[in-house]
Amino acid sequence: MEKRSIKKDALAGIIKKVAGDMLVYAPVKEEDGVFFRALGAGMEPQTTYANTKNAPKNIFFPHTEKMMKYTRTDKGMEFVENGDPAKDAVLFGSRPCDAKSFTLLDLLFDQEKYKDPFYCDKREKTIVVTQACVHPPYSTCFCTSVDGSPTSEAGSDVMLTDMGDSYLVEFFTPKGEKLLKYFGDAKPDAAAEAKKKEIAETAAAEIVSHIPAKEIKPILDVNFEHPFWNTIHQRCLACGTCTFLCPTCHCFDISDEVKYDDGIRVRNWDSCMFPMFTQETSGHNPRPSQKERWRQRTMHKFKYYIDMFGAISCVGCGRCVMYCPVNIDIRKIVTDISKL
Amino acid sequence: MQNPYIPYPVEVIKIITEVETKDQKTFRLAFLNKQDEENFKYMPGQFAELSIYGKGESPIGIASSPTQPGYIEFTVQKAGVVTSALHAMEEGTKMGVRGPLGNFYPIEYLEGKNIVIVGGGFAFTTLRSLINYMIFGENRKRFGKITVVYGARNPGLLLYKDELEAWGKRDDINLNLTVDKGDATWKGREGFIPAVCEQVAPSSENAVVIICGPPVMIRFTLPVFFNLGFSKENIITSLEMRMKCGIGKCGRCNVGSKYVCKDGPVFTLAELDQLTKEY
């Protein structure tokens, strides 16, 4: 594995230099938080931030995305072209939890049969540069409970680790090595490996939230009808914030938009929290109340995804916990389920 | 990379109004490119997304049989935005089809067995595909006795009337039509599907029953077949859910860990017993 060492104050300059050559997404400070944005002229990439408010999944799976274009002819609407092809890009500064979410989304979108071309095109062309969490930023972080860690390599092509006065830069994949030229020639010193190991241990030890996420699958297997499901949804507003901020939520809607003779078919994020999500034309709704929708969300993350792909569909980023307007806490739900 | 979201272009070459109420029509679609027709290799029980640019898509069971080359057919109930737009179409219009999607009736398992087909009302479409497949030419020899029980609320609501007449004349199908209530011209049977199944009483020996219909019909028909000795492995049905992508990605049609669009829509009762009752 190639490794480099850079001075800490050099990082922002490197990000900007890469941005001069290709599309770069980086954390940018805005009025109410830090967000991943495509870096444009005059925008300052953040290098010291806790985590972004939005998950970076929108880089591969945009909030709204054109799937195809069509136009009206005298015989009806006809197909014109596909959605726009992806550009080579770099995602700078994802946290290890968010980088891991890509490996979970890959399981769904990058299957042998029915490969999702929109997601896979962007995913293949994007280099993921992750910043390790030397000090896990929030009390709501629980990555270590869901097979992650503050220094997990999963989903990252390159990882930056804050070593105090320098960044250790590790290139995990050939894709990541395409960025080698931007990081100079300085190799990390002999002590770096041991120090990285120490950081990994102390960072993991700083995580304060621990939940039995890996233990509840057998309980969920047999408790679909348990009265427990009557106890979590009452205060839910069905706003969908948890699903929109979640790095692993992938549900979408497909709709058509037409203006005069031209139209596009787009896919937009959808949410299992919304009443219309499963509403059928006949009026029948298999998930008629917020109770069934919460059961679906919980089951999907901690049971169905394991049945389908062998992995929990949660990376422990804690965004749903932090931003739920009525303080529904997935950590409490998981803990309560473990006691059923 | 094959893009599973792009529909094949097709032309509506024939529209048949199936029922008196005029809200169920069969659309015969021909592929504009010969290659697409070859790529669209399907089996009875599968469905496809009917795609109308500017309106959207609707998942509909394929009503034609793979033994009918040159076109595919869908019988559509006028209900929402897409199906209403379809019903307003004229022959010669171009539209799209995306598929075939989902699994299909287990033809290999059905071979050598006696087949009972029970259909109620509008849910007869993919059963029609299966019947036409089984009775086509040399295919007929691969299956044992074929018993069909098909009913609608009244005679005007029976689909595929010409075919029903032709099937009635064959001696290798036991066709039993019924209506809830007849009219002046109806000389056939009157009665609900479960009662007719009881009267017809097909043997469960080496037999499989495939049931599609409204939930209330299925609920009262299942006990009849349990009493006749059919095991849950030999009772097959097809589920419906709201769908968008049709390929197990958009996340809305799951029943437990199974996506109806990808792992279904065809399930045995034994398989359904393993799933949650969220459909």
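Computation of the quantities below employed the complete heavy-atom set of this structure, encompassing side-chain atoms and omitting hydrogens, waters and symmetry-equivalent molecules. Chain letters run A, B, ... following the sequence lines, proteins first, then strands; residues in each count from 1. What you are looking at is a predicted structure, and each value in this text was computed from that prediction instead of being measured.
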Just give me the residue among B/G248, B/G251, B/S257 that pairs up with chain A most often, heavy atom to heavy atom, under 4.5 Å. B/S257
Checking B/T75 against B/T125: is there a side-chain donor and acceptor pair closer than 3.5 Å? no
Winner by heavy-atom pair count (cut-off under 4.5 Å) against chain B, out of A/T71, A/D270, A/D253, A/V258: A/D253
Report which part of A/Y119 has an atom under 4.5 Å of a heavy atom belonging to chain B: side chain, backbone, both, or neither. neither
Examine whether an atom of B/Y5 lies under 4.5 Å from a heavy atom of chain A, and if so say whether it belongs to the side chain, the backbone or both; otherwise answer neither. both
Would a line drawn from the ring center of A/F109 to the ring center of A/F61 be shorter than 6.0 Å? yes
Taking every non-hydrogen pair under 4.5 Å, which of A/I264, A/D307, A/N285, A/T73 racks up the most with chain B? A/D307
Give every donor-acceptor pair under 3.5 Å between a side-chain atom in residues 286-293 of chain A and any protein atom, sequence neighbours left out.
residue: A/R287; atom: NH2; partner: A/Q296; partner atom: OE1; Å: 3.4
residue: A/R287; atom: NH2; partner: B/N254; partner atom: O; Å: 3.4
residue: A/R287; atom: NH2; partner: B/N254; partner atom: OD1; Å: 2.6
residue: A/S289; atom: OG; partner: A/K291; partner atom: N; Å: 3.2
residue: A/S289; atom: OG; partner: A/E292; partner atom: OE1; Å: 2.6
residue: A/Q290; atom: OE1; partner: A/R293; partner atom: NH1; Å: 2.7
residue: A/Q290; atom: NE2; partner: A/M273; partner atom: O; Å: 3.0
residue: A/K291; atom: NZ; partner: A/N230; partner atom: OD1; Å: 3.3
residue: A/E292; atom: OE1; partner: A/S289; partner atom: N; Å: 2.8
residue: A/R293; atom: NE; partner: A/R287; partner atom: O; Å: 3.3
residue: A/R293; atom: NH2; partner: A/R287; partner atom: O; Å: 3.1
residue: A/R293; atom: NH2; partner: A/P288; partner atom: O; Å: 2.9

Which bit of B/E90 is near chain A, if near means a heavy-atom gap under 4.5 Å: side chain, backbone, both or neither? neither
Ring centres under 6.0 angstrom apart (B/F220, B/F192): no
Of all of B/R242, B/E11, B/K277, B/E240, which one pairs up most often with chain A through heavy atoms under 4.5 Å apart? B/R242
Engaged part of B/C253 at the chain A interface, taking heavy atoms whose separation is under 4.5 Å: neither
Between B/Y71 (side chain) and B/K14 (backbone), is there a donor-acceptor pair under 3.5 Å? no
For the backbone of B/P4 and the side chain of B/R98, can you confirm whether one donor and one acceptor N or O come within less than 3.5 Å of each other? yes
Quick one: does B/N154's side chain have a donor or acceptor within less than 3.5 Å of a partner on B/K181's backbone? no
So which of A/N54, A/D98, A/T241 actually passes side-chain hydrogen bond (donor to acceptor under 3.5 Å, both in side chains) with A/R319? A/D98
Between the side chain of A/K66 and the main-chain N/O of A/D84, is any donor-acceptor distance below 3.5 Å? no
Looking at B/D263, B/T93, B/I247, which makes the most heavy-atom pairs under 4.5 Å with chain A? B/I247
Is there a salt bridge (charged side-chain N to carboxylate O under 4.0 Å, His left out) between A/D261 and A/R72 once you walk through the steps? CA-CA 5 Å; A/D261 285 344; A/R72 194 188 309 277; 3.0 Å; yes
Which atoms of A/S255 approach chain B - backbone, side chain, both or neither, heavy atom under 4.5 Å: neither
Most contact-rich option vs chain B, by heavy-atom pairs under 4.5 angstrom, among A/Q279, A/K303, A/H300, is A/Q279
B/S129-B/Y105 side chain donor-acceptor pair, cut-off 3.5 Å: no
Under 4.5 Å heavy-atom distance to chain B, tell me which part of A/Y70 shows up: side chain, backbone, both or neither. side chain
Would B/E73 and B/T26 count as having a side-chain donor-acceptor pair, cut-off 3.5 Å? no
Residue that, paired with A/D110, satisfies salt bridge (charged side-chain N to carboxylate O under 4.0 Å, His left out) out of A/K122, A/K115, A/R123: A/K115
Using a cut-off of under 4.5 Å for heavy-atom pairs, which of A/E280, A/M308, A/R265 has the most such pairs with chain B? A/R265
Quick check on A/F252 against chain B: is it the side chain, the backbone, both or neither that has a heavy atom closer than 4.5 Å? both
Can you pull out the residues in residues 51-58 of chain B with any heavy atom less than 4.5 Å from chain A? B/S51, B/I52, B/Y53, B/G54, B/K55, B/G56, B/E57
